[in-house]
Number of protein chains: 2
Amino acid sequence: MSGPAGTASSAVRLAAETWESLFRSQVAVMRKLQSGPAFKTLPVKEYDVLFTLSRCPSGQLRLNEINDKVLLSQSSLSRLVDRLEKRGLVERTTAPDDGRGVLLALTEAGSELQKSIGREHVRDIATLVAPALTADEQRELLRLTEKLRASVAGH
Amino acid sequence: MSGPAGTASSAVRLAAETWESLFRSQVAVMRKLQSGPAFKTLPVKEYDVLFTLSRCPSGQLRLNEINDKVLLSQSSLSRLVDRLEKRGLVERTTAPDDGRGVLLALTEAGSELQKSIGREHVRDIATLVAPALTADEQRELLRLTEKLRASVAGH
DNA sequence: CACTGATACATGCAAATGCATCTAGTTTGA
DNA sequence: TCAAACTAGATGCATTTGCATGTATCAGTG
C-alpha cells in the first residue's frame with residue numbers, strides 16, 4: 001500500500017459508505033414513487049422502457065441498448081417487451097443492418113401512455129426531491145451521479 | 001405559481017433529471033456489483049439483509065424495520081427470510097414486547113458469511129467508485145444522498 | 001468457401017415476487 | 001371491559017424473473 005498507514009482502508013470505507021448511501025436513497029425514493037397512483041396501470045420497469053424509447057432521438061432502440069439502462073436480465077427484458085407488445089404499446093422490428101438484432105419503437109398508444117404517466121411521475125419526483133435539496137445541491141448531485149455512471153459504464 | 005414564468009417547470013425538470021441520473025448510476029453500479037463472484041453463493045438481496053443485521057448495534061431487527069431498507073414487498077421479505085433461515089444464516093424470534101413482531105438475528109454462520117462476502121463486496125465497490133470520484137466528491141455525494149434519503153423517509 | 005467462435009435475442013423451467021387475504025396480537029374508544 | 005379497528009407477519013396463487021440453453025445471424029481464419 002502507498003501513503004500513510006490507514007489511508008487505503010479509509011479510502012475503501014469512504015467508497016463503500018458513499019455507495020451504501022446512494023443505494024439507500026434510491027430505495028427510499030423508488031419505494032415512494034412506485035407506490036403512487038401513476039403506476040397502477042403499468043409497472044415501473046415497463047414504464048421505464050417506454051420512457052427510454054421516448055427519449056431516444058431516432059425513436060428506435062436495440063434491445064441490448066435498452067438492457068444497459070435497466071436492471072433486468074436479457075431474458076426478463078425480452079419477456080417484458082413481449083408484454084408491452086401484447087398490449088400494443090411497442091413494436092418489434094428486425095434491425096436492417098443486423099439480422100440478429102431487434103429494434104423497438106413506441107406505437108402511438110405507447111407514446112400516449114408514456115406521456116400520460118410521465119407527467120404525473122415527474123410531479124411525484126419533484127414533490128420528493130425539491131423539498132429535500134436546493135437547486136444547487138440537485139445540480140451537484142446530478143453532476144456527481146452522472147460522473148459516476150459514466151466512469152462505471154466505461155469499465 | 002410563484003416566481004417568473006418558467007421557474008416552476010424548470011425546477012420540476014431539474015428534480016426529474018437529478019432523480020433520473022441518480023437512478024441510472026445506481027443501475028450501472030449495481031449491475032457490475034451483482035455480476036461479481038462475491039454473489040455466486042448468495043443473491044444480493046439476501047446479502048443485504050445479512051449486512052443490515054450486521055450493522056445493527058443490538059444485533060436484532062424487526063422484519064418491518066428491515067423492510068424499510070430494502071426494495072421488497074413485505075411478503076417477499078418474509079419468504080427471503082424463510083430461505084435465509086433454512087440455510088441457517090438467521091434466526092427468527094418472537095419480539096418480547098409485541099407478540100405480533102418477529103426479531104431477526106444473524107447466526108454464527110450468517111455472520112461469518114456476511115463478513116466473508118462483505119470483504120470482497122467492499123473491495124468491488126471501491127474498485128468502481130474510487131476511480132470515478134475524488135474523496136471530496138464522494139463525501140459530497142454521501143452528504144447529498146443522505147440528505148435526500150432522510151427527507152424522503154420523513155415523508 | 002467451409003468452419004469456428006461470438007453475438008442477439010427467444011424459450012423451457014424452476015425460483016422469486018407481489019397482490020390479496022388470512023391469522024394472531026395489540027390498541028382504541030364507547 | 002369488550003368489540004371494532006389496526007398492525008405484524010405468513011400464505012395461496014398468479015405473474016415475473018433469471019439461469020441455462022436453443023436458434024439464427026455475424027465476424028474472423030485457413
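Protein chains get the first letters and strands the later ones, always in sequence-line order, with residue 1 at the start of each. All of these numbers come straight from a predicted model, not from anything done at the bench.
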Checklist outcome for this item: Applied to residues 113-140 of chain B, the ring pair (Phe, Tyr, Trp, His ring centres under 6.0 Å) test, sequence neighbours excluded, yields B:F39-B:H121, B:Y47-B:H121
Checklist outcome for this item: Sequence neighbours excluded, the answer for salt bridge (Lys or Arg N to Asp or Glu O under 4.0 Å) partners of A:R83 is A:E46
Checklist entry - So, do A:L84 and A:L42 sit near enough that their side-chain heavy atoms are less than 4.5 Å apart? => result yes
Checklist outcome for this item: So ring pair (Phe, Tyr, Trp, His ring centres under 6.0 Å) across residues 72-113 of chain B, not counting sequence neighbours, yields none
Next on the checklist: Within the 4.0 Å limit for protein heavy atoms, which parts of nucleotides 5-11 of chain D are touched? Write it as a string from 5' to 3', B for base, S for sugar-phosphate only, - for none.
Outcome noted: --BSBBB
Would you give me the side-chain donor-acceptor pairs under 3.5 Å for residues 60-72 of chain A, sequence neighbours excluded?
residue : atom : partner : partner atom : Å
A:E65   : OE1  : A:R62   : N            : 2.8
A:N67   : ND2  : A:L72   : O            : 2.8

Next on the checklist: With heavy atoms of chain A within less than 4.0 Å as the criterion, where does contact along DNA chain C begin and end?
Outcome noted: C:dT7 to C:dC13
Checklist outcome for this item: Rounded to whole Å, CG of B:L71 lies from C1' of D:dT17 at a distance of 15 Å
Item to check | By salt bridge (Lys or Arg N to Asp or Glu O under 4.0 Å) - contacts of A:R149 (at least two apart) | outcome: A:E146
Next on the checklist: Does anything in residues 33-50 of chain A come within less than 4.0 Å of DNA chain D? Heavy atoms only, and list the residues if so.
Outcome noted: A:K45
Checklist entry - Can you pull the salt bridge (charged side-chain N to carboxylate O under 4.0 Å, His left out) pairs that have at least one residue in residues 131-144 of chain B, sequence neighbours excluded? => result A:E137-B:R143, A:R143-B:E137, A:K147-B:E137, B:D136-B:R139, B:E140-B:R143
Checklist outcome for this item: The complete set of ring pair (Phe, Tyr, Trp, His ring centres under 6.0 Å) pairs with one or both residues in residues 14-35 of chain A, sequence neighbours excluded, reads A:W19-A:F23
Item to check | Qualifying residues under salt bridge (Lys or Arg N to Asp or Glu O under 4.0 Å), relative to B:D48, sequence neighbours excluded | outcome: A:R24
Item to check | Listed once per pair and sorted, the ring pair (Phe, Tyr, Trp, His ring centres under 6.0 Å) pairs that draw on residues 74-116 of chain A, sequence neighbours left out | outcome: none
